[in-house]
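This report concerns only the one structure given below.
Below, all heavy atoms of this structure are taken into account, side chains as well, without hydrogens, waters or symmetry copies.
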Amino acid sequence: MTKKLFKYMFLVAFVSLLATVILVMGVLYNYFSGEISKNLLNEAEYIAGAVETGGNAYLETIKNVNTNRITLIGKDGNVLFDSNADAESMENHSDRKEFIDALNTGKGEDERYSDTLSEKTIYQAVLMDDGNVLRLSATHHTLWMIVFGMLQPIVVVVAAALVLSLILAMRLSKRLLKPVNDMDLNNPDIDEEYVEFGPLLNKIKHQNIMINMQMKELRKKQDEFRVITENMSEGIIIIDNNTELLSYNSAALDLLDAEMPEEGGGSAIYLNRSEAFRKAIEEALSGKHSLQNMELKNRCLQIIANPVWADEEIHGAVLIIMDITEKEHRERLRREFTSNVSHELKTPLTSIYGMSEILMNGMVKSEDVKDFASSIHDETGRLITLINDIIKLSQLDEAAPGMEKEVVDLFDTAKSVTERLSSVAEKKNVGFELYGEQTPIEGVPSIIEEIIYNLCENAVKYNKDGGYVKIYVTNTGHMHGSIEVDDSGIGIPPEHLDRVFERFYRVDKSHSKTIGGTGLGLSIVKHGAAYHNGRIEIKSKVGEGTKIKVIL
Ligand code: ADP
């Protein structure tokens with residue numbers, strides 16, 4: 001701005017200086033030309049008068065005195081006398097303007113330039129009484145020649161003026177712009193010295209208020225957005241159409257296991273280099289909705305990417321990243337469970353179908369019919385037990401209605417379970433020993449009974465002939481307690497300990513099946529305990545026995 005102002009000021013000063021010099025010289029030149037012309041006329045009139053009284057001889061007398069050229073032209077245009085040349089050798093002047101004008105009006109004048117334009121001759125002619133014309137002429141330099149002659153002083157003056165205008169323009173432009181440069185645009189106060197800036201400063205002031213208000217609003221919205229997104233467990237990433245990060249929440253970085261991007265963002269591609277993540281971005285930026293699944297550090301992630309449209313153009317994309325590990329796990333368990341259930345149901349049903357078909361075709365001897373019927377009865381019994389266990393599990397899974405908690409006593413429940421299992425235990429020659437005290441807890445009676453029943457039934461089932469089952473009930477107070485079932489059975493190998501609580505998991509499949517196991521008992525115990533926010537501890541030694549404690 002200062003430079004521009006200085007340039008214009010200097011240019012204006014220079015042009016006006018040049019114009020002034022040219023104008024002044026032109027005016028002076030015209031003035032002096034006029035003066036010469038006037039003097040020439042006066043002199044011509046004077047000499048004409050003298051010639052009229054003194055005759056042509058007068059001309060000879062002033063020939064050498066007068067500096068101007070004197071020419072006497074006859075009526076016919078022939079030169080009668082010339083102070084500078086031989087009159088007879090001169091051409092006829094009847095076509096000269098000044099001569100013609102003098103003949104017609106009594107006076108005539110003309111100016112003529114030399115061939116080189118370096119000189120100008122002014123002619124003044126007057127008509128005399130005898131009809132002849134007396135002409136006086138003076139030659140002087142043209143304006144250009146004068147200027148050329150004065151070039152040196154003119155250059156000096158112009159240069160000095162230029163330097164002066166240069167300095168002045170520089171100072172003036174700086175001074176003019178100083179208040180503008182010194183202006184505090186955040187707090188524009190009107191300076192009395194520069195009231196002209198008033199409207200501009202008022203406008204800036206108004207705009208400042210508007211900008212501040214908009215900034216406040218923007219910051220508020222940004223904070224709101226940040227609070228919302230930061231409290232989300234889903235990751236959010238917003239990018240522009242060049243994949244540059246515009247916004248993201250910490251959940252996104254956490255889920256993608258990405259480092260905090262450098263200040264300014266950078267490309268979202270660098271957050272995660274997996275094929276699925278890249279594909280989601282590419283598809284969204286090409287205008288398509290994209291849904292991608294990826295695995296990262298034992299986690300299953302789902303990426304939903306959508307393009308952001310504005311004015312029918314893609315301006316970027318929004319990516320939502322969700323942790324679907326739990327969902328995937330459940331889905332896998334459900335698939336496994338369905339296939340296990342079908343398998344478990346199919347085996348007894350196939351044998352029931354086969355045996356009933358043989359019976360139907362009369363292919364069984366009458367003495368074997370009873371055995372066949374008893375096998376069908378056993379298989380059906382197994383099916384019913386299996387289906388009952390499945391129902392119990394699904395009730396636990398879905399928190400079925402009717403499972404309201406109430407006060408239930410662990411000791412009393414354990415006692416009734418041992419009574420229910422006494423005949424089975426007797427058959428195996430296994431004795432129950434119950435220790436402890438009344439332990440009321442808050443729970444669903446049917447589930448608590450199911451937990452204790454399954455533990456005790458397993459302790460009998462997987463026991464040795466003549467073994468024992470010790471049950472310890474401990475009251476830990478505040479409606480909490482624990483029950484531990486110890487047996488002197490076959491024990492569980494350590495590598496199976498973690499898995500016995502899985503659905504349909506059996507250490508020894510054939511053994512479990514012969515003794516009527518469904519593979520769901522400990523699963524029901526695990527879900528039942530979880531339903532009461534309890535936990536399970538298991539200790540076992542092969543050949544010595546198993547201890548399972550449920551803390552509720
Ligand atoms: P099942 O109906 O087959 O008994 P469970 O879920 O109750 O199924 O038990 C899973 C597996 O854990 C059993 O098949 C068995 O191998 C083992 N198991 C459970 N309880 C005991 C125990 N007290 N002693 C030895 N093994 C046991």
Worksheet item: Which distance, rounded to the nearest 0.5 Å, do you find between the CE of Met215 and the CG of Asn208?
Response: 11.5 Å
Response to the item:
Rounding to 0.5 Å, atoms CD1 (Ile237) and CG (Leu246) come to a distance of 11.5 Å
Tell me whether [X] is salt-bridged to [Y], with the criterion being a basic N under 4.0 Å from an acidic carboxylate O.
| X | Y | answer |
| --- | --- | --- |
| Arg226 | Asp223 | yes |
| Lys38 | Glu35 | yes |
| Glu111 | Lys120 | yes |
| Arg334 | Glu331 | yes |

Fill in: Set of residues satisfying side-chain contact (heavy atoms from CB on, under 4.5 Å) with respect to Met213, sequence neighbours excluded
Ile209
Practice prompt. Please name all residues satisfying side-chain contact (heavy atoms from CB on, under 4.5 Å) with Met260, sequence neighbours left out, ordered by chain then number.
Written response: Tyr248, Leu253
Worksheet, complete the sentence: Paired with Glu98, the side chain to side chain donor-acceptor pair (under 3.5 Å) test is passed by just one of Arg112, Lys107, His93, namely Arg112
Fill in: Ring-face cation contact, Phe99 with Arg135, 6.0 Å cut, 45° max
no
Discussion item. With side-chain contact (heavy atoms from CB on, under 4.5 Å) as the test, pick out the partner of Val444 among Lys405, Glu404, Gln395.
Written reply: Lys405
Worksheet item: With sequence neighbours left out, what residues match Glu336 under side chain to side chain donor-acceptor pair (under 3.5 Å)?
Response: Arg332
Item to complete: Kindly assign one of parallel, tilted or perpendicular to the pair Tyr29 and His140, based on the angle between their ring planes and the thresholds 30° and 60°.
Response: perpendicular
